Amino acid sequence: VRITVGPPEEAKAFYVHKEVLSAQSPFFSAVLSKEWKEGAERVVDLPHDQPRVFEAYSVWLYTGHLYVLGEKHPENYGSIDYHHFIELYILGEKLLDRRFQNRVVDVIVAASIESPEVPGLITVNRAYEATPKGSPIRRLLCDIYVNGATMHWFRGYVSDAYPSAFLYDVAVLLLDTKHQAKLAAEGLVPAWYPSSPRRE
């Protein structure tokens, strides 16, 4: 199957086996059925997605490994490209690939445990604009902030630029003493942020 990703002026074509796509993604399973034009022509266009992000997804489909491909997002100054992983999660949501989303969460949790960095403003905004209320990735971002943010962040960085829903979610967690105690005792646990029940 040929999958063309990105706007026409910078689109990139990827070739992935139909069976691999359909087995992993309910989105592709539906769109590649014979009833759809894409299924008959074996061509799918994803003009609103990023080639770099889909390339990482296609590598994961065949290897089970997540990689950061290409240049890091300019917002990420340290070792973790949170923005890239948030984009991967958002793509997984679009493709209905819950297993992939759960794997992205695993990587974000592991990386956040090893580093004091928190996702930046652009990354938080992107996650909140592209996911619904109650999304596991929103909860994870909030927990990363609650677990690692300091007064310096609140005094120096909190502004109207952050989504109000994010600031509300963080405030609720900061006031939830039971949740605070759970975070302090257990740290971040991937199973707290499932896109669907984990069977792995």
Side-chain angles (χ1 to χ4, degrees), residues 1-76 80-108 119-142 161-166 169 193-196:
V1 176
R2 189 182 81 212
I3 302 166
T4 305
V5 185
E9 62 277 5
E10 55 190 59
K12 183 174 178 182
F14 296 88
Y15 295 87
V16 185
H17 294 93
K18 176 184 176 181
E19 296 75 17
V20 172
L21 290 167
S22 297
Q24 194 59 45
S25 162
F27 169 85
F28 280 120
S29 180
V31 85
L32 292 173
S33 65
K34 292 180 181 176
E35 293 79 29
W36 289 59
K37 180 183 94 166
E38 290 85 351
E41 296 178 359
R42 298 179 71 86
V43 175
V44 178
D45 291 323
L46 300 175
H48 303 296
D49 295 293
Q50 302 170 38
R52 171 183 184 242
V53 173
F54 190 85
E55 183 175 358
Y57 177 70
S58 66
V59 168
W60 180 81
L61 282 173
Y62 285 101
T63 68
H65 297 291
L66 287 179
Y67 296 99
V68 176
L69 303 167
E71 294 295 317
K72 281 189 176 183
H73 190 272
E75 184 180 61
N76 293 282
I80 308 170
D81 193 343
Y82 277 117
H83 197 84
H84 178 68
F85 289 113
I86 293 301
E87 291 292 352
L88 289 175
Y89 186 92
I90 292 166
L91 177 66
E93 184 132 313
K94 176 178 183 172
L95 303 180
L96 305 174
D97 191 336
R98 305 305 181 214
R99 188 167 162 254
F100 178 67
Q101 287 179 284
N102 287 336
R103 181 65 186 125
V104 172
V105 164
D106 292 343
V107 170
I108 292 174
L121 170 65
I122 297 169
T123 301
V124 171
N125 272 293
R126 176 70 177 128
Y128 269 73
E129 77 182 14
T131 60
K133 182 179 180 180
S135 168
I137 203 68
R138 289 187 178 196
R139 292 198 310 272
L140 175 55
L141 286 176
C142 290
Y162 278 93
S164 57
F166 168 72
D169 290 345
Y193 317 100
S195 291
S196 62

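Here, residue 1 is the first one in the sequence, and each next residue gets the next number. No experiment lies behind these values; they were computed from the predicted model shown.
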Let me check something: any side-chain donor-acceptor pairs from residues 20-28 under 3.5 Å, sequence neighbours excluded? List them with distances.
unit_1 : atom_1 : unit_2 : atom_2 : d
Ser22  : OG     : Lys18  : O      : 3.0
Gln24  : OE1    : Arg99  : NH1    : 3.2
Gln24  : NE2    : Asp97  : OD1    : 2.9
Ser25  : OG     : Phe27  : N      : 3.3
Ser25  : OG     : Phe28  : N      : 3.1
Ser25  : OG     : Leu95  : O      : 2.7

**Asked** Would Arg98 and Leu96 satisfy side chain to side chain contact (heavy atoms under 4.5 Å, CB included), going step by step from the backbone distance to the final call?
**Response** CA-CA 6 Å; Arg98 305 305 181 214; Leu96 305 174; 3.6 Å; yes
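Taking CG of Leu141 as the start and CZ of Arg126 as the end, the distance is 12.5 Å to the nearest 0.5 Å. Summarising the geometry, atom CG belonging to Leu88 is positioned 11.0 Å from atom CH2 belonging to Trp60; distances are rounded to the nearest 0.5 Å. Taken from CD1 in Ile137 to CD in Gln101, the straight-line distance is 8.5 Å, to the nearest 0.5 Å. How far OH of Tyr15 is from OG1 of Thr4: 7.0 Å, rounded to the nearest 0.5 Å.
A donor-acceptor contact shorter than 3.5 Å is absent between the side chain of Arg103 and the backbone of Leu66. Not one N or O on the side chain of Arg42 forms a donor-acceptor pair closer than 3.5 Å with the backbone of Arg2. In terms of modelled atom types and a separation under 3.5 Å, the side chain of Asn125 and the main chain of Ala161 share a donor-acceptor contact. Asp169 places no side-chain N or O within donor-acceptor distance of the main-chain N or O of Arg139, the cut-off being under 3.5 Å.
Comment: Arg52 does not engage Glu87 in a salt bridge, judged by the lack of any side-chain N to carboxylate O separation of less than 4.0 angstrom.
Contact annotation: the side chain of Leu121 approaches that of Tyr162 to within less than 4.5 Å [non-hydrogen atoms, C-beta and beyond]. You'll find the side chain of Pro119 stays beyond 4.5 Å of the side chain of Phe85, heavy atoms only. Residues Ile86 and Ile108 meet the side-chain proximity criterion, which asks for heavy atoms closer than 4.5 Å. Residues Leu46 and Lys94 form a side-chain contact, since some pair of their non-hydrogen atoms from C-beta on lies under 4.5 Å apart.
Across Ala56 and His84, no two heavy atoms sit closer than the pair CB-NE2, 3.9 Å. The minimum heavy-atom distance between Arg138 and Ala127, with the atom names listed, is NE-O, 4.3 Å. Minimum interatomic distance between Cys142 and Phe166 (heavy atoms only, all atoms of both residues): SG-CD1, 3.8 Å. Ala11 and Gly6 make their closest contact through CB-O, 3.7 Å (heavy atoms, listed as atom of the first residue, atom of the second, distance). Listed here is the closest heavy atom pair of Ser58 and Val16: CB-CG2, 4.4 Å. The two atoms that bring Pro194 and Pro136 nearest to each other are O-CG, 3.1 Å, heavy atoms only.
The side-chain contact (heavy atoms from CB on, under 4.5 Å) test applied to His65 returns Thr63, Tyr67, not counting sequence neighbours. In this structure Phe54 satisfies the ring pair (Phe, Tyr, Trp, His ring centres under 6.0 Å) test together with Phe14, Tyr57, sequence neighbours excluded.
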